[in-house]
S.K.: 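Take this structure, written in structure tokens, and hold onto it; I'll ask about it next.
One is the number of the first residue; the rest follow in order along the sequence. As a basis for the values below, the full set of heavy atoms in this structure was taken, side chains included, without hydrogen atoms, waters or symmetry mates. What you see is a predicted model, and the numbers here were worked out from it, not measured in a lab.
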Amino acid sequence: MTALSANAAAFFGAESAIIRVEVTEVRGSSPREAGTEMFVGAKLFQGTIGGGRLEQIAIDRGREMLETRQLCDMLDVPLGPEIGQCCGGHVRLRLSWMSRADRQEALYRIRKEKSGQPHVYIMGAGHVGRAIADLLQHAPVTCILVDMRQEELQKCEATVDKRLRALPEVDVFNAPPKSAFIVLTHDHGLDFLLTSAALELGHAAYVGMIGSATKRAKLRSWCRTHCDGLTIDQLTCPIGATASRDKRPEIIAAFVAAEVLTALTAVQHVSDSGEEAALLEAAQ
């Protein structure tokens, strides 16, 4: 069981009665989209519809419903000065009492969502790799930290999948489509091997290698010689490149994590748009 679904299971087990809050309609700007849900118990809550005053209104109303045994309610909430928010949009919420079957269905949805999350492979468990894992453990991704060195993996305290591999390229070859690869091992030759393997897949959402413009140029030359002229146009190198000159692992990790998540969510947006277009075309 994943950490996310385990937390949800603990929540549903701890609360005897729960109100489901669903965003059913959005007009204008809002913190979350239609279909977003959260769950409110007498003491705890699970998920988020965007935080702020909107979420507090939903939690307060949900707990009122628990006290009065009200089964269902609808809220129309303007996201403006009336509630101290400045989104400027309008949100419609549906609040409903959850049956045992509702709880089971909610857990199934959460687990399915988690299983479908994109994979991020951090190839190298050194200082920067571990710092990236520390951040990505909180993101909606399946994070895998791969290294040939047991002692480096043991230093990682993040709740991620840690894999000791004599041949780390095996994880690259077996990665699902639209995965992200962050290559920062202890050896430049291994970096080149893993990066070229990720690029050769042809379906990665992101391939990044730690280094410099010089290292990128060397990889380009190496690929011409050893990989039948493999192009590196889709490679991000250096990774986490910004105007900052701070090279502390935690700072680099923050920039890289943002870079990877941007790439992954952009891929998801394109995929969703494509699926929506296909459905519209089929309906016409």
S.K.: May I ask you to test the L184-D191 pair for a side-chain heavy-atom distance under 4.5 Å?
M.R.: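 With C-beta onward as the side chain, the pair stays apart.
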S.K.: Do side-chain atoms of T195 reach the backbone of F192 as a donor and acceptor pair under 3.5 angstrom?
M.R.: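 Absent.
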S.K.: Atom CG of L71 and atom CG of L95: how far apart are they, to the nearest 0.5 Å?
M.R.: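 So the gap between those two atoms works out to 12.0 Å.
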S.K.: How many angstroms lie between CG in D161 and CG in L145, if you round to the nearest 0.5 Å?
M.R.: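 It comes to 9.0 Å.
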S.K.: Let me have the donor-acceptor pairs involving side chains of residues 199-213, under 3.5 Å, with sequence neighbours excluded, atom names and distances please.
M.R.:
{"from": "Y206", "atom 1": "OH", "to": "E259", "atom 2": "OE1", "distance (Å)": "2.6"}
{"from": "S212", "atom 1": "OG", "to": "T214", "atom 2": "N", "distance (Å)": "3.4"}
{"from": "S212", "atom 1": "OG", "to": "K215", "atom 2": "N", "distance (Å)": "3.3"}

S.K.: Treating T24 as the side-chain partner and R92 as the backbone partner, does any N or O pair qualify as donor plus acceptor under 3.5 Å?
M.R.: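 The answer is yes, because a donor-acceptor pair under 3.5 Å joins these two groups.
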S.K.: So that I can tick it off, tell me whether K43 and E15 are bridged by a salt bridge, with the cut-off set at under 4.0 angstrom between side-chain N and carboxylate O.
M.R.: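 Looking at E15 and K43, the cut-off is not met.
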S.K.: Between I232 and Y121, is there shared hydrophobic-cluster membership here, with clusters defined by ILVMFWY side-chain heavy atoms closer than 4.5 Å?
M.R.: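 Per the 4.5 Å side-chain linkage, I232 and Y121 are co-clustered.
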S.K.: Is any side-chain heavy atom of H186 closer than 4.5 Å to one of M148?
M.R.: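 Yes. Closest side-chain heavy atoms under 4.5 Å.
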S.K.: Could you tell me whether the side chain of L219 reaches within less than 4.5 Å of the side chain of C223, counting heavy atoms only?
M.R.: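 Of all side-chain heavy-atom pairs linking L219 with C223, at least one is under 4.5 Å.
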S.K.: Measure across N7 and Q46 and return the closest heavy-atom pair with its distance rounded to 0.1 Å.
M.R.: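 Nearest heavy atoms, N7 then Q46: O-OE1, 3.9 Å.
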S.K.: For D147 and L153, indicate whether the former's side chain and the latter's backbone hold a donor-acceptor pair under 3.5 Å.
M.R.: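 A pair under 3.5 Å: no.
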S.K.: Please lay out, stage by stage, how V26 and H90 fare under the test side-chain contact (heavy atoms from CB on, under 4.5 Å).
M.R.: CA-CA 6 Å; V26 170; H90 194 102; over 6 Å; no
S.K.: Taking it one step at a time, do V170 and V172 satisfy side-chain contact (heavy atoms from CB on, under 4.5 Å)?
M.R.: CA-CA 5 Å; V170 171; V172 177; over 6 Å; no
S.K.: Just by modelled atom types, is the R32 backbone N or O under 3.5 Å from a matching donor or acceptor in the T36 side chain?
M.R.: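 Looks like no, no N/O pair under 3.5 Å.
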S.K.: Judged by modelled atom types alone, do R61 and Q56 share a side-chain donor-acceptor pair under 3.5 Å?
M.R.: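 Checked: R61/Q56 side chains show no N/O donor-acceptor pair below 3.5 Å.
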S.K.: List the steps, then state whether side-chain contact (heavy atoms from CB on, under 4.5 Å) holds for T48 with M38.
M.R.: CA-CA 5 Å; T48 176; M38 68 177 294; 5.7 Å; no
S.K.: Donor-acceptor check, side chain of T262 to backbone of A258, threshold 3.5 angstrom: yes or no?
M.R.: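 Here the side-chain-to-backbone pair exists.
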S.K.: Output every pair passing side-chain hydrogen bond (donor to acceptor under 3.5 Å, both in side chains) with a member in residues 126-144, not counting sequence neighbours, ordered by first then second residue.
M.R.: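 Residue pairs passing side-chain hydrogen bond (donor to acceptor under 3.5 Å, both in side chains), neighbours aside: R130-E152.
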S.K.: Are the side chains of L235 and R216 in touch, meaning some heavy atoms are under 4.5 Å apart?
M.R.: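 The answer is yes, as the side chains (C-beta and beyond) meet within the 4.5 Å cut-off.
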S.K.: Answer yes or no: does atom CD of E64 have more than 12 heavy-atom neighbours from other residues, nucleotides or ligands under 6.0 Å?
M.R.: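 Counting neighbours around CD of E64, more than 12 heavy atoms of other residues, nucleotides or ligands fall under 6.0 Å, so yes.
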S.K.: Nearest 0.5 Å, what's the CD-NZ distance between Q154 and K162?
M.R.: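 One gets 10.5 Å once the value is rounded to the nearest 0.5 Å.
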S.K.: Looking only at heavy atoms, what is the nearest atom pair of L79 and S29, with distance?
M.R.: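 Looks like CD1-O, 3.6 Å.
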S.K.: Do I19 and M98 have side-chain heavy atoms sitting under 4.5 Å apart?
M.R.: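 Answer no - side chains too far apart.
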S.K.: Let me check something: do L93 and V40 share a hydrophobic cluster, defined by ILVMFWY side-chain heavy atoms less than 4.5 Å apart, either directly or through other members?
M.R.: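 In one cluster with L93: V40, yes.
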S.K.: Would you say that F255 contacts I239 through its side chain, given a criterion of any heavy-atom pair below 4.5 Å between the two side chains?
M.R.: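 The answer is no, as the side chains (C-beta and beyond) never meet within the 4.5 Å cut-off.
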S.K.: Any Lys/Arg nitrogen of R100 or D102 sitting under 4.0 Å from an Asp/Glu carboxylate oxygen of the other?
M.R.: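 Salt bridge absent between R100 and D102.
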S.K.: Show, in sequence, the C-alpha distance, side-chain angles and deciding distance for F12 and F39, and conclude whether the ring pair (Phe, Tyr, Trp, His ring centres under 6.0 Å) test is met.
M.R.: CA-CA 9 Å; F12 286 120; F39 309 97; 5.2 Å; yes
S.K.: Enter the distance from F11:CZ to L44:CG here, rounded to the nearest 0.5 Å.
M.R.: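 The distance works out to 6.5 Å.
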S.K.: Could you report the tightest heavy-atom contact between V160 and A133, atom names first, then the distance?
M.R.: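 In this case the closest contact between V160 and A133 is CG1-O, 4.0 Å.
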S.K.: Would the distance check show the side chain of T265 and the main-chain N or O of L261 forming a donor-acceptor pair, the cut-off being under 3.5 Å?
M.R.: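 Between the backbone of L261 and the side chain of T265 there is a qualifying donor-acceptor contact (under 3.5 Å).
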S.K.: Give the cluster check for L135 versus I182: same hydrophobic cluster or not, with ILVMFWY residues linked at side-chain heavy-atom distances below 4.5 Å.
M.R.: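 Different clusters: L135 never reaches I182 through Ile, Leu, Val, Met, Phe, Trp or Tyr contacts under 4.5 Å.
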S.K.: Taking atom CD1 of I59 and atom CD1 of I57, what is their separation to the nearest 0.5 Å?
M.R.: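 I59 atom CD1 to I57 atom CD1 measures 10.5 Å (nearest 0.5 Å).
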S.K.: If you draw a 6.0 Å radius around CZ in R248, do more than 12 non-hydrogen atoms from other residues or ligands fall strictly inside?
M.R.: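 Not more than 12 within 6.0 Å, no.
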S.K.: What heavy-atom pair brings P238 and A241 nearest, and what distance separates the two atoms?
M.R.: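 Residues P238 and A241, closest heavy atoms: O-CB, 4.1 Å.
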S.K.: Restricting to non-hydrogen atoms, name the atom on P118 and the atom on K178 that form the minimum distance, rounded to 0.1 Å.
M.R.: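 Closest pair (atom of P118, atom of K178, distance): CB-O, 4.2 Å.
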S.K.: Any salt bridge between E25 and R27, counting N to O under 4.0 Å?
M.R.: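 Yes, this pair counts.
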S.K.: Quick check: does any side chain N or O of E169 sit under 3.5 Å from a backbone N or O of L194, one acting as donor and the other as acceptor?
M.R.: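 It does not hold such a pair.
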S.K.: Does V256 belong to the same Ile/Leu/Val/Met/Phe/Trp/Tyr cluster as I122, with side-chain heavy atoms less than 4.5 Å apart forming each link?
M.R.: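 Yes, same cluster.
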S.K.: Does the pair R111 and E113 meet the rule for a salt bridge (Lys or Arg N to Asp or Glu O under 4.0 Å), with working shown?
M.R.: CA-CA 5 Å; R111 289 169 180 165; E113 180 183 355; over 6 Å; no
S.K.: Around atom CD of Q150, are there more than 12 heavy atoms of other residues, nucleotides or ligands at under 6.0 Å?
M.R.: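 Check passes, neighbour count above 12.
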S.K.: For the side chain of R103 and the backbone of A9, is there at least one donor-acceptor N/O pair under 3.5 Å apart?
M.R.: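 No: the side chain of R103 does not pair with the backbone of A9.
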S.K.: Output the distance between atom NE2 (H119) and atom CZ (F181), rounded to the nearest 0.5 Å.
M.R.: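 Here the rounded value is 10.0 Å.
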S.K.: Side-chain contact, heavy-atom cut-off 4.5 Å: Q70 with W97?
M.R.: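 They are not in side-chain contact.
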S.K.: Check whether V21 and F45 end up in the same hydrophobic cluster, where Ile, Leu, Val, Met, Phe, Trp and Tyr are linked by side-chain heavy atoms less than 4.5 Å apart.
M.R.: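 Same hydrophobic cluster.
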S.K.: Should W222 and H188 count as side-chain neighbours, where that means a heavy-atom distance under 4.5 Å?
M.R.: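 Answer no - side chains too far apart.
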S.K.: Using modelled atom types only, decide if a donor and an acceptor are shared between the side chain of T225 and the backbone of S221 within a distance under 3.5 Å.
M.R.: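 Here the side-chain-to-backbone pair exists.
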S.K.: Using side-chain contact (heavy atoms from CB on, under 4.5 Å), reason through D171 and R163 one step at a time and then give a plain yes or no.
M.R.: CA-CA 9 Å; D171 287 278; R163 299 181 183 177; 2.6 Å; yes
S.K.: Tell me the salt bridge (charged side-chain N to carboxylate O under 4.0 Å, His left out) pairs involving residues 217-229, sequence neighbours left out?
M.R.: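 Found R220-D233.
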S.K.: Please find the pair of heavy atoms, one from V91 and one from S30, that lie closest to each other, and give the distance.
M.R.: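 That would be CG2-CB, 3.8 Å.
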